[in-house]
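What you see is a predicted model, and the numbers here were worked out from it, not measured in a lab. So that the names make sense, note that chain A is the first sequence line, chain B the second, and so on, each numbered from 1.
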Amino acid sequence: MESRIAPKGTGGATSIDEFIEDVDVEDKAFLIEGRDLSGKTNIRRPPAPQVNAKEEDFIFMQIDTDYYSQVAPGFIKNENAQHDTPIIRMFGITKNSNSVALHVHNFTPYFYVKINTQYAPTLTPEDLLAIRDVLNKLATPQTSLEGAPSIPVKAVELVHEKASVMHYQQDKATFIKIYTGLPRYVNQLRTLFENGSVSYRGSAGMFENVTYESNLPYALRFMIDNEIVGMSWIRVKAGRYRLRERSERNCNTQYEIDVQDFNDVECLPCDGEYSKIAPLRILSFDIECSADKGKFPVAQTDPIIQIANIVKVHGDTEPLVRNVFTLGTCAPIVGSQVNSYRNEQDMLQAWRDFVLEVDPDIITGYNIVNFDFPYIINRSLALHMNKFAMFGRVNGTYSKIKNNTFSSKALGTRETKDINIEGRVQFDMLQVILREHKLRSYSLNSVSAHFLGEQKEDVHHSIISELQAKNEFTRRRLAIYCIKDAYLPMRLLEKLMCLFNLTEMARVTGVPISYLFTRGQQIKVASQLYRKAAEHDLLIPVDKQHISGDKYEGAVVIEPTRGYYTDPVATLDFASLYPSIMMAHNLCYSTLVPPHKVKFYKQEDLIKTPNGDVFVSQKVKKGLLPLILEELIAARKRARQELAKTTDPFQKAVLDGRQLALKISANSVYGFTGAQVGQLPCLPISSSVTSYGRVMIEATKEYVLKKYNKANGYQFDSQVIYGDTDSVMVKFGVPTIEEAMKLGKEAADYVTQYFVQPIKLEFEKVYCPYLLMNKKRYAGLLWTKPDKWDKIDAKGIETVRRDNCGFVKETVQSCLNMLLIDRDASKALDYCKGVISDLLQNRIDLSLLVITKGLGKKTESAPKPGEAAEGGDQKKPPAAAAAGNYHAKQAHVELAERMRKRDEATAPTVGDRVAYVMIKAAKGSKGYEKSEDPLYVLQNGLPIDYQFYVEHQIKQPLLRIFEPVFSNAEEKLFHGEHTRNIFVPKMATTSGLGKFAVVKKTCLGCKNVLANNTDVLCERCQTKKKAIYIERKQEMSVYEKNYADLWVQCQRCQGSLHEDILCSSRDCPIFYRRVKAKKNLEENREILERFLDW
DNA sequence: TAATGGTAGGGGAGGAAAGTACCGTCGTAT
DNA sequence: TAGTGATACGACGGTACATTCCTCCCCTAC
Ligand SMILES: Nc1ccn([C@H]2C[C@H](O)[C@@H](COP(=O)(O)OP(=O)(O)OP(=O)(O)O)O2)c(=O)n1
Ligand code: SF4
């Protein structure tokens, strides 16, 4: 049965010394980090100490909370003993790194319905029973798969001490609290109430057709009620829990305990000892698959050939496991354990067992959720391994794939697959990075280069098959590649402090950490709102409101006084403007006074916003949203303090990302109220916030202008040259940075006093010089201290955008450097001319000409066979395609479509970024006909349309920069001598006569066309023959050196000085250079040969 | 089905519509 | 094969192309 192939050699481990002989060690540092792990090591968790449930509290850090439904086990007291009952299940880790599963019983799902006032006093306990029976008649009871029945409504209770969170309520209202047998009945009953289908005493008038708190995920409901936040430490007091006997075990964790009363599960505050993160086990893995015929592998037919794993314990410096499972033999790999198998089933099975043995809390990798896991699961099904896909902590529960799409304005649309792995967190680094960073490319290669400074070779899948087919050494080559792919995500996770940052976010917002990968901002706000509402006895309505769809008015952008400023410009900026507005003016659902109620309150208790909406003041009742915001802002403040303390630039960037994430969470509280397709939209709040903002920026501008002018004894009249939402850019007129800073600080404090606490205008920075191009488009040299500038700060322009090519970005960046730092405009101009000339003469790297654009919508139009044939004219697209399909042709969309026809599996899909270059095409061709995959261009030697890059990429950006500086920038930049000499690729010199085309050779000396194609030099150059030959020869050695240098770089990257380079990474500049260098080399070699033959 | 923070704004590209230059045809005056 | 006046000129319609305006789309600043 076991088809494991015994490792070769003695003991299976290659020594480090042997390895050094084999390849250069430094280049494979990732293989020998920490101890030698090639041998068998103990990978199990530390043994779980005996626990005395009667004497000891049970404490662990909870990482995942879900639920299942079952007939409660016999040892649990449950009033509906034979019924299908929901049971909360928490997974976590003790501080000793022992895994825990906790079953929480008797937490019953519920929701509320408001009783119309006239009926409220009349309800008796008998009525409640009767209502229960009415509801049970209306609902459709469901039986579990095991055949256990369940009751829709278990009980109905009268609740008097609550009120709706919507509008300021002086009085409590009467609600019924409906307890259900299973979470899903909540949804069912909600629909019944919403449709007005529930009537009692012969009329539906008793119940409002709005329900309360009926749309929370059940597990989150439990967490909220028990004040448990994500990734927090949990305590169950001694005597309140029960350890399961072996025979009662359901989970493969080290401890499995039950709590009879859900109230006994207690969340410990996240400070001191319990602010720490438990020693979580992190598994990073990567699979390789092979496919025939150069096609991208498909799980149905193509085998998994290798799986590499790295296991690390959070907080440890060294990995615990580094291994690879291979199909077929594999030569030993230093520092890593190699497990080889004869057939795929055995390999997969061994890997699955390995995963369970390691018992990781966190599973990471790159794109594991959308590729590796689905592939493994589908592959196991294709191999009929029906009892295979059990990766979670629940025995007998197998992972399944569910397709899903996530769509939000900020993150775009993306298709995802949901995989259930109970008790472990799927920490896919691709998802993390997609959400937290805006990059031009999200390939592992590109991301590693960006954050870790190390390239990663990219082996084309057709080559992977070859490596697999050949021998144990080529398979080792592949295995090393595979291990690196498992290693890099682990490194990224550590270096970007993902676990730490996301743990903090989960704790602050209260959601389980998994929500941070799969859900949006809304659920975070909702989680906080529900918690605060519960504290204040308020209930949250679930109201499918009619949505107008109209946008409300947002912020003001002050009309910029465009130009190039050499005097310092100070920037004043409100700190957390929208949150501080909401706090200052007490804006909340629970403080809003509807128009018809305004007359009932004292004027001084009310706040009327510039939008005309009315709220009660803080004295009367403090809103919930301000309370939530205080916490978020406090968390952000802590993060910023830590940021201020660090000096390491990378660390700073990471901490900046953290505080930014908290800022967005705070701003999303405002966004939540304005989200018309959200849980609880309330436009009076959101439009009041923006209206305050509008008034405030105008006022700020006026205060500054009115004070800082000659009439008040200042040396100059100040000028507000620009402002956006919460900031004003002031030119005080003073010539030095120092004076500008002094005035800026003073002005900020001066203006602040006009506003309500905690609104605060801050002086932040000075720009000098400052180039203001347009609304939301500017660049300047930024100063925060008078003696030395900090950096160039660019907003909105090409250097910070991702939809142009690297060439544009770099050129613009260099120009800004010269213009703003050196203040040498003519140098910048000359530089541009040179660069344009380089471009036209093919001296720019192809990698710099790659443009990327995101694919925001679906491209394929559901290839239904019936719809395929459509005759004649179809002017407008079918109405059904209206939602989420493209209506305009675009370069990247059309290319994606073409690529899809070439190979379905590798083509970009929704949410992906498409990389393309523009190639030459017939005159008058549209852009979308000229875009092409850079890899395809290289493989087929297609010509680049350099002119396009001049006209459509670099021209306007440069003109926008230079126009404020020079008068006739266009003439200077795009018409000089430097635009004349245009590189003509070989192909273009053939006359366009199809098969009669003849390549005309040119003289090597003077480039004139030769009369005789076998000649090398023209007659005039004959005399210089020797000199020309030597020159060529020298050129050749330059090319050779160039190529060799690049080759070495690639060898470094792939970690071997002895093996061929296999990489074809679309994301690596070296790759493009290497291909080009090779081409140069070959061409030149051919010429030299001609020379010699001649 | 369930779930999805907000608005303002620049700028590139495609495409429809309106403009125009050019050309050939046709009717008509001479 | 039969029947034919030649020329200039403006109106008219079709076509190819440039221009303008609008919309879509991406991505950014707040
Ligand atoms: N993602 C964002 C960014 C900003 N804003 C709104 C709310 C902010 O209060 C206002 C100003 O944005 P800033 O970028 O200036 O951020 P803040 O003022 O909130 O924070 P800071 O203290 O960094 O200025 O714009 C928003 O709604 N969503
Ligand atoms: S091209 Fe060379 S340097 Fe770049 S990723 Fe590939 S192997 Fe590494």
Side-chain angles (χ1 to χ4, degrees), chain A residues 184 187 191 215 217 402-414 416 418 438 440 515 518-526 529 544 547 550-560 573-574 576-578 663-683 685-687 689-691 693-694 697 722-727 773-778 793-804 851-857 875 884-894 913-914 924 926-931 951-953 955-957 960:
Chain A
R184 74 171 76 101
N187 293 326
T191 334
N215 64 346
K402 221 170 78 192
N403 289 322
N404 221 336
T405 61
F406 180 92
S407 177
S408 82
K409 222 208 126 225
L411 298 169
T413 306
R414 183 162 285 112
T416 57
D418 286 352
K438 300 229 165 224
R440 284 170 172 249
Y515 281 26
T518 57
R519 308 283 298 265
Q521 294 290 342
Q522 193 166 193
I523 193 74
K524 295 197 256 178
V525 178
L529 184 58
K544 281 271 179 309
I547 45 158
D550 293 344
K551 286 189 163 182
Y552 59 91
E553 192 178 349
V556 191
V557 183
I558 297 176
E559 190 60 37
D573 186 325
F574 284 102
S576 300
L577 181 66
Y578 286 8
K663 159 177 156 180
I664 289 173
S665 290
N667 287 338
S668 296
V669 173
Y670 145 74
F672 182 88
T673 66
Q676 297 200 40
V677 275
Q679 290 192 17
L680 198 59
C682 183
L683 295 208
I685 299 178
S686 48
S687 36
V689 171
T690 57
S691 70
R694 290 194 297 275
I697 188 173
Y722 179 54
D724 186 345
T725 310
D726 71 334
S727 66
M773 296 176 225
N774 213 334
K775 284 182 174 176
K776 300 187 190 280
R777 301 282 137 126
Y778 60 82
D793 196 20
K795 290 289 160 71
I797 61 177
E798 286 70 21
T799 50
V800 294
R801 294 183 66 86
R802 300 176 292 168
D803 52 357
N804 48 40
I851 302 165
T852 69
K853 272 202 175 83
L855 210 51
K857 300 180 176 171
K875 266 204 166 168
N885 266 334
Y886 279 108
H887 288 113
K889 292 195 164 180
Q890 285 173 102
H892 65 298
V893 179
E894 297 298 302
R913 295 188 67 78
V914 185
K926 296 287 188 195
Y928 59 79
E929 296 164 317
K930 298 167 48 156
S931 55
E951 291 296 324
H952 292 87
Q953 283 275 303
K955 190 169 185 173
Q956 296 304 327
R960 282 192 289 267

Original post:
Looking at CG of D724(A) and CD1 of I697(A), how far apart are the two atoms once the value is rounded to the nearest 0.5 Å?
Top reply: 7.0 Å

**OP:** Of all the heavy-atom pairs spanning G796(A) and R801(A), show the shortest one and how long it is.
**Re:** O-CD, 3.4 Å

Original post:
Can you check whether K889(A) has a side-chain N or O nearer than 4.0 Å to OP1 or OP2 of dG14(B)?
Top reply: no

Subject >> Most 5' of S408(A) and T690(A) on DNA chain B, judged by nearest nucleotide >> reply: S408(A)

**OP:** Round to the nearest Å and state the distance from Q676(A) atom CD to dT7(B) atom C1'.
**Re:** 11 Å

Subject >> Partners passing side-chain hydrogen bond (donor to acceptor under 3.5 Å, both in side chains) against R913(A) (at least two apart in sequence or in another chain) >> reply: T852(A)

Subject >> Under 3.5 Å: donor-acceptor pair, side chain of Y886(A), backbone of G856(A) >> reply: yes

**OP:** With sequence neighbours excluded, tell me which residues meet side-chain contact (heavy atoms from CB on, under 4.5 Å) with Q953(A).
**Re:** N804(A), C805(A), V808(A), I851(A), F948(A), Y949(A)

Original post:
Which value, in whole Å, describes the distance between the P atoms of nucleotides dG5(C) and dG27(B)?
Top reply: 16 Å

Subject >> DNA chain B base-pair string [pairs: Watson-Crick or G-U under 3.5 Å; |: paired with another strand] >> reply: .....||||||||||||.||||||||||||

**OP:** Rounded to the nearest 0.5 Å, what's the gap from CD on Q890(A) to NZ on K926(A)? Could you check?
**Re:** 13.5 Å

Original post:
Just how far, in rounded Å, is C1' of dA3(B) from CZ of F672(A)?
Top reply: 12 Å

Original post:
Can you check the E559(A) CD to dA8(B) C1' distance for me, whole Å?
Top reply: 13 Å

Subject >> dA17(B) to dA16(C) separation - C1' atoms, rounded to the nearest Å >> reply: 16 Å

Could you pull out every donor-acceptor pair under 3.5 Å between side chains of residues 670-680 of chain A and any protein atom, sequence neighbours left out?
unit_1: Y670(A); atom_1: OH; unit_2: Y552(A); atom_2: OH; d: 2.8
unit_1: T673(A); atom_1: OG1; unit_2: Y670(A); atom_2: O; d: 2.6
unit_1: Q676(A); atom_1: OE1; unit_2: S548(A); atom_2: OG; d: 3.3
unit_1: Q676(A); atom_1: OE1; unit_2: G549(A); atom_2: N; d: 3.2
unit_1: Q676(A); atom_1: NE2; unit_2: D550(A); atom_2: O; d: 2.5

Original post:
R694(A) side chain to E553(A) main-chain N or O, any donor-acceptor pair under 3.5 Å?
Top reply: yes

**OP:** Identify which nucleotide among dA8(B), dG5(B), dG12(B) has an atom closest to any side-chain atom of R960(A), counting heavy atoms from C-beta outward.
**Re:** dG12(B)

**OP:** Identify whether any heavy atom of G671(A) sits under 4.0 Å from a base atom; if not, whether one sits that close to sugar-phosphate; answer base, sugar-phosphate or nothing.
**Re:** base

Original post:
NA contact type, Q956(A), heavy-atom cut-off 4.0 Å: base, sugar-phosphate, or nothing?
Top reply: sugar-phosphate

Original post:
Roughly how many Å is it from NZ in K926(A) to P in dG12(B), rounded to a whole number?
Top reply: 16 Å

Original post:
Heavy atoms under 4.0 Å, any strand shown: does V677(A) hit a base, just sugar-phosphate, or nothing?
Top reply: base

Original post:
NE2/H892(A) to OH/Y928(A) distance, rounded to the nearest 0.5 angstrom?
Top reply: 14.5 Å

**OP:** Take the protein atom CG of L529(A) and the nucleotide atom P of dG5(B), then report the distance between them rounded to whole Å.
**Re:** 14 Å

**OP:** Look at all strands and tell whether N667(A) reaches a base, only sugar-phosphate, or nothing, counting heavy atoms closer than 4.0 Å.
**Re:** base

**OP:** Could you check how far NZ of K402(A) sits from P of dA2(B), rounded to whole Å?
**Re:** 11 Å

Subject >> Value in whole Å for how far the P atom of dT7(B) lies from OH of Y552(A) >> reply: 5 Å

**OP:** Any chance you could list the contact pattern along nucleotides 22-30 of chain C? Use B for base contacts, S for sugar-phosphate-only contacts and - for none, protein heavy atoms under 4.0 Å, 5' to 3'.
**Re:** ---SBBBBS

Original post:
Between atom NZ in K663(A) and atom P in dG5(B), what is the gap in whole Å?
Top reply: 18 Å

Subject >> Qualifying residues under side-chain hydrogen bond (donor to acceptor under 3.5 Å, both in side chains), relative to S686(A), sequence neighbours excluded >> reply: none

